[in-house]
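Taking it in order: structure first as structure tokens, then the write-up.
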Protein chains: 2
Amino acid sequence: MSFFDTVGKFAVGSRLRLLTEKITEDATQIYQMYGVDMNPKWFPVFYVLSRGEAMTITAIAKEIGHSHPSVSKIISEMVEKGLVKEKKDKTDGRRNMVSLSAKGKDINGKIQEQYTDVKNAIEAISANTQHDLWKAIAEWEFLLEQKSLLRWVQEQKKERESQKVKIVDYQPAYQQAFKDLNVEWISKYFKMEAADYKALDNPQGYILENGGHILVALYEDVPVGVCALIKMKDPAYDYELAKMAVSPAAQGKSIGWLLGNAILEKARSLGATKIYLESNTILKPAINLYYKLGFEKIIGHPSPYERCNIQMERPL
Amino acid sequence: MSFFDTVGKFAVGSRLRLLTEKITEDATQIYQMYGVDMNPKWFPVFYVLSRGEAMTITAIAKEIGHSHPSVSKIISEMVEKGLVKEKKDKTDGRRNMVSLSAKGKDINGKIQEQYTDVKNAIEAISANTQHDLWKAIAEWEFLLEQKSLLRWVQEQKKERESQKVKIVDYQPAYQQAFKDLNVEWISKYFKMEAADYKALDNPQGYILENGGHILVALYEDVPVGVCALIKMKDPAYDYELAKMAVSPAAQGKSIGWLLGNAILEKARSLGATKIYLESNTILKPAINLYYKLGFEKIIGHPSPYERCNIQMERPL
DNA sequence: TACATTTACGTAACCAGTTACATAATTAAC
DNA sequence: GTTAATTATGTAACTGGTTACGTAAATGTA
């Protein structure tokens with residue numbers, strides 16, 4: 001089984017499963033050794049009931065981390081063996097109150113020595129290791145509770161992919177992409193307006209030659225995001241951030257974030273001290289991004305666009 | 001799920017199972033995220049085949065640590081999906097040679113980025129822990145390979161129980177036990193002889209009053225083992241170790257060992273320098289015990305007992 | 001007070017593995 | 001050259017869990 005040596009950590013799951021099996025396989029014999037007539041899989045249920053209180057199926061399930069049907073099955077097996085007894089709750093007809101029978105309590109007495117021996121055996125094994133399995137499990141449980149493995153992997157993917165993104169200056173070859181990417185979202189959520197066409201059909205004349213700038217995000221050399229910095233007439237601001245668009249196919253690569261930061265950097269290098277933008281609150285991810293980039297909501301600035309219902313600014 | 005906090009290490013198995021589940025549950029979604037049309041459970045098989053060589057079912061099973069029927073099922077599922085192809089071995093008609101199909105190889109290309117992201121994710125999780133799960137698993141695998149959990153527990157049990165054994169001096173109240181325990185094994189393997197009855201019916205007159213000693217092992221105050229030190233006439237020896245018997249019901253508690261050591265200690269305190277015994281080689285556990293106690297085989301000493309075919313001595 | 005929602009729980013079907021068993025092909029032994 | 005033992009594989013049945021679903025009781029709400 002050289003498998004794990006070569007495949008590495010990709011197969012933690014498989015490896016854990018095999019270890020679990022190895023640890024579990026002797027369980028039946030161990031119970032026999034102590035003359036305890038119990039199925040190992042009943043143990044967690046047995047244990048929580050051994051405290052004496054009657055419990056409902058779901059309460060047991062929750063405590064031991066099983067599904068309720070699993071507990072339901074275990075209980076009916078234990079009832080058959082006479083280890084536990086069931087009793088309908090008088091005040092709540094749904095509840096099935098389960099508790100240890102006399103025989104169950106008797107077994108609980110016998111099992112105490114087994115507890116200590118197994119516990120000591122596991123501690124003896126641990127004493128022979130450098131790395132504490134028990135504590136490591138607890139840490140993993142905690143970390144995966146906070147953030148699932150899926151999320152951890154997603155972050156790695158995003159990280160790796162964002163390193164493949166290059167932010168470059170606009171060139172005439174990107175005009176089509178600049179238009180297409182913007183038309184895509186504008187026509188999805190709103191209607192294209194006259195001002196849109198002016199800027200998108202002729203970014204050269206309408207944006208760049210008026211002192212503006214455009215940045216393009218390339219993913220594997222394909223333009224997947226654009227963003228413009230438009231020179232404003234209003235003396236309170238230097239530039240407006242506008243025409244920001246990211247291809248839906250390239251989501252999850254932090255392209256908006258990279259583009260936004262690059263454009264702020266560009267503005268800074270041009271000596272700007274305050275950037276303006278306008279948007280619409282139905283574009284939640286965009287608004288979120290703007291907040292993350294340091295923009296703050298302002299009120300009372302007029303807009304030529306019908307679709308805008310929020311204005312923001314970002315001091316540099 | 002406070003369960004594990006209170007039950008402690010007795011439930012490692014359960015706890016490992018839950019962690020395995022938690023790690024495994026996202027696997028399907030992770031494959032989806034990378035557009036890889038593969039069932040997570042196929043992965044180990046897929047991985048070993050991705051090295052390019054055609055392999056038999058059993059070779060795969062052995063390498064990944066599954067049973068062969070498991071691999072057999074996985075392969076037929078993968079064949080159905082077109083990921084692998086089967087081919088009967090020409091020189092050995094039993095063998096089913098399995099290898100990746102073109103489609104399988106294609107997926108192998110796509111999956112590479114997934115490998116690195118998952119590996120990095122797991123390393124990122126590990127970096128947030130104090131205790132290294134991966135290394136801890138490897139250590140446990142190794143230790144359980146050497147000695148199963150059952151054996152570890154057995155040792156703990158023996159250790160604990162042997163602490164409940166008390167070795168005490170003979171008293172008339174133990175005469176019945178002294179006789180019964182000896183009759184039990186003698187009549188099981190041989191026939192009771194005249195010399196046996198003399199010693200067992202009257203240990204007081206036959207052993208103690210002739211300068212001998214008897215020790216009794218009590219387990220929870222019940223006599224479960226006996227052993228006598230009989231004064232010898234032969235000037236070469238001080239005492240003979242004889243009439244050692246341990247109840248079969250009390251096996252596995254090291255009683256023979258404790259009794260043997262106590263009797264040697266007693267002999268030493270009496271100033272003896274050499275102990276003699278005779279036995280029969282069909283009593284393998286007994287002979288083993290004598291060797292462990294430091295006895296060595298000698299030849300050419302006459303015995304009054306028919307059943308003896310081996311003589312041993314132990315210098316003190 | 002009636003109706004929708006939630007909760008408790010059992011049953012059924014599924015899942016990913018296992019062991020047990022049967023069969024065919026190969027290899028070893030007399 | 002038979003016959004016995006071993007090996008490779010597939011099929012069936014089992015295991016210890018799950019999710020999906022249905023029903024009845026309790027609870028919340030208009």
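Below, chain A is the first sequence line, B the second, and so on; all start at residue 1.
- We find that CG of A/Asp89 is positioned 17 Å from P of C/dT7, with the value rounded to whole Å.
- Comparing B/Glu77 and B/Gly93 by the nucleotide of DNA chain C whose heavy atom lies nearest to each, the residue mapping closer to the 5' end is B/Glu77.
- Considering only side-chain N and O atoms, B/Asn96 lies under 4.0 angstrom from the phosphate OP1 or OP2 of D/dG10.
- Listed pair A/Thr56 / C/dC9 meets the phosphate criterion, a side-chain N or O lying under 4.0 Å from OP1 or OP2.
- Distances shown here put every side-chain N or O of A/Ser70 at or beyond 4.0 Å from the OP1 or OP2 atom of D/dG17.
- Backbone-only contact: A/Thr91 has heavy atoms under 4.0 Å from sugar-phosphate atoms and none from a base.
- Within the nucleic acid shown, B/Thr24 has no heavy atom closer than 4.0 Å to any nucleic acid atom.
- Just one of A/Arg160, A/Lys158, A/Lys157 meets the salt bridge (charged side-chain N to carboxylate O under 4.0 Å, His left out) condition when paired with B/Asp117; it is A/Arg160.
- As rounded to whole Å, 8 Å separates atom C1' of D/dG16 from atom CD1 of A/Ile74.
- Using modelled atom types, no side-chain atom of A/Trp140 and backbone atom of B/Leu19 make a donor-acceptor pair closer than 3.5 Å.
- The side chain of A/Ile57 approaches C/dC9 more closely than any other nucleotide in the set C/dT18, C/dC9, C/dA16.
- One can place CZ of B/Arg17 at 12 Å from C1' of D/dT15, the figure rounded to the nearest angstrom.
- Across every non-hydrogen atom of B/His68 and B/Ile57, the tightest pair is O-CG2, 3.8 Å.
- In this structure, B/Leu18 places its CG atom 12 Å from C1' of D/dT18, rounding to the nearest Å.
- For D/dG17, the OP1/OP2 oxygens have no side-chain nitrogen or oxygen of A/Ser67 closer than 4.0 Å.
- Close to D/dT9, at under 4.0 Å from its OP1 or OP2, lies no side-chain N or O of B/Ser72.
- One cannot find a donor-acceptor pair under 3.5 Å joining the base of D/dT9 and the side-chain atoms of B/Arg94.
- One can place CH2 of B/Trp42 at 14 Å from C1' of C/dC15, the figure rounded to the nearest angstrom.
- Checking C/dA16, D/dA20, D/dT9 against every side-chain atom of B/Thr58, the shortest atom distance belongs to D/dT9.
- Between A/Ile60 atom CD1 and C/dC9 atom C1' the separation is 12 Å, expressed in whole Å.
- Counting to the nearest Å, the C1' atom of C/dT26 and the NZ atom of B/Lys90 are 19 Å from each other.
- Using the six-membered ring where Trp is involved, A/Phe3 and B/Tyr47 have ring planes that are perpendicular, over 60° apart on the 30 and 60° scheme.
- For A/Lys297, the NZ atom sits in a loose shell: 12 or fewer heavy atoms of surrounding residues, nucleotides or ligands are nearer than 6.0 Å.
- At the phosphate of C/dT7, neither OP1 nor OP2 sits under 4.0 Å from any side-chain N or O atom of A/Arg95.
- Counting only heavy atoms from C-beta on, A/Lys41 has its side chain closest to D/dG17 among D/dA26, D/dG10, D/dG17.
- One cannot find a donor-acceptor pair under 3.5 Å joining the base of D/dG17 and the side-chain atoms of A/His66.
- Residues B/Ser14 and A/Phe43 have side chains not in contact (no heavy-atom distance under 4.5 Å, counting atoms from C-beta outward).
- Side-chain N/O atoms of A/Lys73 and base N/O atoms of D/dG17 include a donor-acceptor pair closer than 3.5 Å.
- Comparing B/Glu86 and A/His68 by the nucleotide of DNA chain D that holds the closest heavy atom to each, the one mapping nearer the 5' end is B/Glu86.
- Look at CG on A/Asp92: it is 11 Å from C1' on C/dC9, rounded to the nearest Å.
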